[in-house]
Amino acid sequence: MDNPFEQRRDIRGTKTYWKLRGLVRELLESESECLVCGSIKDLEAHHVIKCANHEYLYVERDNLVCLCHKCHSRYHQQNPDSVNVKTLVEFAKKNK
């Protein structure tokens, strides 16, 4: 599996990168299952609000939720241009 931090080459080696890694580690230690399906395998962090338009949210703990790799991939496939709270809630309701 690819390293999700490699996708943001502009932040690697910066304080932002290390802060995000710490936040993801904390999230995965505190959350034990996927928000959508309840799986306990292959858990990943997902930004609730797309960070491209809100860079400060990139390292905001309240903007991260725990999804399994399968749900995370499906969510982004179904919502490539509309990553936000509303689409995440709708996705979760449909896939519970």
Side-chain angles (χ1 to χ4, degrees):
M1 183 166 77
D2 292 334
N3 182 344
F5 302 108
E6 297 294 324
Q7 297 171 0
R8 292 287 306 218
R9 294 186 191 283
D10 56 315
I11 68 158
R12 284 188 309 150
T14 66
K15 289 180 183 179
T16 302
Y17 170 82
W18 294 109
K19 184 172 183 177
L20 179 61
R21 277 191 74 138
L23 289 172
V24 169
R25 187 178 312 114
E26 288 174 18
L27 173 72
L28 297 178
E29 288 173 357
S30 66
E31 302 294 326
S32 59
E33 64 183 38
C34 174
L35 176 73
V36 175
C37 72
S39 175
I40 59 172
K41 295 182 178 182
D42 301 321
L43 299 177
E44 303 174 347
H46 166 72
H47 284 99
V48 177
I49 300 171
K50 189 173 184 176
C51 299
N53 301 328
H54 309 282
E55 286 295 324
Y56 68 95
L57 290 174
Y58 196 66
V59 291
E60 180 64 43
R61 172 61 176 88
D62 292 337
N63 192 36
L64 294 172
V65 294
C66 190
L67 298 177
C68 70
H69 179 74
K70 185 177 177 181
C71 287
H72 197 189
S73 295
R74 263 196 340 234
Y75 173 76
H76 280 288
Q77 287 172 352
Q78 293 176 15
N79 301 284
D81 298 320
S82 57
V83 175
N84 58 52
V85 176
K86 182 180 177 186
T87 59
L88 181 61
V89 169
E90 290 170 357
F91 176 80
K93 285 180 182 178
K94 289 178 189 174
N95 293 281
K96 281 245 180 212

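This is a predicted model, so every value here is computed, not measured.
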Q: So do Cys71 and Asn95 actually touch side chain to side chain, heavy atoms under 4.5 Å?
A: no
Q: Find the distance between CG (Leu64) and CG (Leu23) and round it off to the nearest 0.5 Å.
A: 6.0 Å
Q: What are the two closest heavy atoms between Cys66 and Leu28, and how far apart are they?
A: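 Reported closest heavy-atom pair: SG-CD2, 3.8 Å.
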Q: For residues 77-87, tabulate all N or O donor-acceptor pairs below 3.5 Å that involve a side-chain atom, not counting sequence neighbours.
A:
| from | atom 1 | to | atom 2 | distance (Å) |
| --- | --- | --- | --- | --- |
| Asn79 | ND2 | Tyr75 | O | 3.1 |
| Asn84 | OD1 | Lys86 | N | 3.0 |
| Asn84 | OD1 | Thr87 | N | 2.9 |
| Asn84 | OD1 | Thr87 | OG1 | 3.3 |
| Thr87 | OG1 | Tyr75 | OH | 2.5 |
| Thr87 | OG1 | Ser82 | O | 2.7 |
| Thr87 | OG1 | Asn84 | N | 3.3 |
| Thr87 | OG1 | Asn84 | O | 3.2 |

Q: On a heavy-atom basis, which atom in Leu57 and which in Asn63 lie closest, and how many Å separate them?
A: O-ND2, 3.2 Å
Q: Within the 4.5 Å heavy-atom criterion, are His72 and Cys68 side-chain neighbours or not?
A: no
Q: A side-chain contact here means heavy atoms from C-beta on lying under 4.5 Å apart; do Leu88 and Val65 qualify?
A: yes
Q: Do you know which two heavy atoms are closest between Leu43 and Cys34, and how far apart they sit?
A: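 Minimum heavy-atom contact is CD2-N, 3.7 Å.
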Q: What class does the angle between the rings of His47 and Tyr58 fall in, given that below 30° is parallel, 30 to 60° is tilted and above 60° is perpendicular?
A: parallel
Q: If you look only at distance, which donor and acceptor atoms sit under 3.5 Å apart when one is on a side chain in residues 35-42 and the other is two or more places apart or in another chain?
A:
| from | atom 1 | to | atom 2 | distance (Å) |
| --- | --- | --- | --- | --- |
| Ser39 | OG | Lys41 | N | 3.1 |

Q: Quick check for you: to the nearest 0.5 Å, what is the distance between Phe91 atom CZ and Arg74 atom CZ?
A: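 Phe91 CZ to Arg74 CZ: 4.5 Å, rounded to 0.5 Å.
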Q: From His76 NE2 over to Leu67 CG, what is the distance, rounded to the nearest 0.5 angstrom?
A: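 If I round to the nearest 0.5 Å, the distance is 7.5 Å.
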